[in-house]
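Report on the structure given below.
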Amino acid sequence: MSSRSSARWEEVHADIRRRITEGQLRPGDQVPGEFALAEEHGVSRNTVRTALARLTQEGLITEGRGRLGRTVRAYNTVEWRLHRDHHAAATLELDDDRRPELRVSVSIEPLPAGIANRLQLTEGTMAARRVQVTLVDGLPYQLSTSWFPEDIARDTALLDTEDTRDPGEILTSIGAAQDRVEDRIAVRMPSPADARELDLPAGTPIAEHTRTGFRAEKPLRVTVTLAPGDRTVLAYDMSG
């Protein structure tokens, strides 16, 4: 790409970005089409596509879908408050008119290497796997996958798909309360499977929160929660 053509797409990119940041184009508004932008700036459609692709990667506009075209992305975030209390659920703070929908599935599966290491078990050992998807306004806001040693989970509420409590709360209710948790948070780009399950627009990073629960220094569970970067604000209470 020549320096001149590079400069031309950057001009289109800067113009649309300015309209968005100054509020001329608001969340949900239609972005001018390729033909209109090409004519307005005196450039080719390929130059316009390059500019729009960069705006999509930056998370400012959506990808075009059929005749719907591209729109300015709207960010309707929720606060995810991670509690210091070892036994309390990590909750989403929602307005009164917004209600979460929880979907739980359970299975007994071989442990993958990374989770086995955290549980201090051998890779391939059979364990309980509990997956909870949290939806708000019909969109997935969290995807949590918890793993438990099979001897702890067998014949307990951990394998009940109707029980939507936090894994730490369930462990307490079955007499296996955690006395310590270890949290790790990473921010990364999603895999294709992550993007599909979380219904992520192009260019959206995710937060990956891993919580390992211990009792007398023995790991009881590992929970890995994925949260979309365009919908989530992490909050911690560090008082006391």
Side-chain angles (χ1 to χ4, degrees), residues 80-92 100-136 139-200 205-229 231-232 234:
W80 179 17
R81 183 164 293 280
L82 291 160
H83 292 267
R84 187 182 60 178
D85 184 345
H86 302 160
H87 318 303
T91 60
L92 294 177
E101 176 187 352
L102 305 178
R103 299 175 182 173
V104 176
S105 60
V106 298
S107 57
I108 302 295
E109 297 186 21
L111 281 172
I115 300 298
N117 183 58
R118 290 191 178 280
L119 285 175
Q120 299 176 14
L121 296 172
T122 304
E123 179 183 357
T125 300
M126 300 305 289
R129 180 174 182 263
R130 180 182 175 90
V131 178
Q132 178 171 296
V133 181
T134 303
L135 298 99
V136 181
L139 280 176
Y141 272 68
Q142 286 185 353
L143 174 62
S144 296
T145 303
S146 298
W147 294 86
F148 310 86
E150 187 178 9
D151 60 339
I152 292 177
R154 179 68 68 184
D155 299 323
T156 72
L158 291 170
L159 297 180
D160 181 359
T161 59
E162 299 299 317
D163 194 328
T164 59
R165 289 177 295 171
D166 176 79
E169 291 181 277
I170 299 178
L171 284 169
T172 298
S173 73
I174 64 174
Q178 305 161 115
D179 54 36
R180 181 173 75 85
V181 297
E182 178 184 278
D183 282 4
R184 292 178 179 271
I185 299 175
V187 177
R188 61 176 175 83
M189 296 306 294
S191 67
D194 297 333
R196 183 172 57 254
E197 292 176 321
L198 290 170
D199 193 16
L200 297 176
I206 59 174
E208 180 179 273
H209 173 268
T210 301
R211 172 165 288 188
T212 305
F214 298 85
R215 181 181 176 88
E217 293 307 310
K218 178 182 178 181
L220 298 179
R221 60 104 168 196
V222 175
T223 299
V224 180
T225 300
L226 305 181
R231 302 166 210 164
T232 307
L234 281 173

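Keep in mind that what you see is a predicted model, and the values were worked out from it rather than measured.
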**Partner residues of Glu101 under the salt bridge (Lys or Arg N to Asp or Glu O under 4.0 Å) criterion, sequence neighbours left out** = Arg103
**Asked** To the nearest 0.5 Å, what is the distance between CG (Leu226) and CG (Leu198)?
**Response** 6.0 Å
**Prompt:** Below 4.0 angstrom, N of the basic side chain to O of the carboxylate: do Asp194 and Arg188 qualify?
**Reply:** yes
**Exercise: identify the closest heavy-atom pair between Gln178 and Gly213** = OE1-CA, 3.0 Å
**Asked** Rounded to the nearest 0.5 Å, what separation is found between the NZ atom of Lys218 and the CD atom of Gln120?
**Response** 9.5 Å
**Request:** Side-chain contact test, heavy atoms from C-beta onward, threshold under 4.5 Å: evaluate it for Thr223 versus Asp166 and give yes or no.
**Result:** no
**Prompt:** Which heavy atom in Pro205 sits nearest to a heavy atom in Pro190, and how many Å separate them?
**Reply:** CA-CD, 4.3 Å
**Prompt:** How close do Leu200 and Pro228 get, heavy atom to heavy atom, and via which atoms?
**Reply:** CD2-CB, 3.5 Å
**Message:** Can you tell me how far apart CG (Leu220) and CG (Leu171) are? Round to the nearest 0.5 Å.
**Reply:** 6.0 Å
**Message:** In the structure I gave you, are the side-chain heavy atoms of Gln142 and Gln132 within less than 4.5 Å of one another anywhere?
**Reply:** no
**SB check Arg215 Asp179 (cutoff 4.0 Å)** = no
**Spacing of CZ belonging to Phe148 relative to CG belonging to Leu111, to within rounding of 0.5 Å** = 12.0 Å
**Item:** Which atom of Asp163 lies closest to which atom of Val104, heavy atoms considered
**Value:** O-CG2, 4.3 Å
**Asked** Is there side-chain contact between Ile170 and Thr156, with heavy atoms separated by less than 4.5 Å?
**Response** no
**Prompt:** Which atom pair, heavy atoms only, marks the closest approach of Ile108 to Glu150?
**Reply:** CG2-OE2, 3.9 Å
**Complete:** Between Pro140 and Glu197 the two heavy atoms that sit nearest each other are CG-O, 3.6 Å
**Pair listing, salt bridge (charged side-chain N to carboxylate O under 4.0 Å, His left out) test, anchored in residues 111-121, at least two apart** = Arg118-Glu182
**Request:** Any chance you could lay out the side-chain contact (heavy atoms from CB on, under 4.5 Å) test for Val106 and Leu158, step after step, and finish with the verdict?
**Result:** CA-CA 8 Å; Val106 298; Leu158 291 170; over 6 Å; no
**Request:** With rounding to the nearest 0.5 Å, note down the distance linking OG1 in Thr134 to CG in Leu139.
**Result:** 12.5 Å
**Message:** Can you tell me how far apart OG (Ser191) and CD1 (Ile206) are? Round to the nearest 0.5 Å.
**Reply:** 6.5 Å
**Heavy-atom side-chain contact between Arg165 and Ser173 under 4.5 Å** = yes
**Item:** Selection residues 120-132 - residue pairs positive for salt bridge (charged side-chain N to carboxylate O under 4.0 Å, His left out), sequence neighbours left out
**Value:** Glu109-Arg129
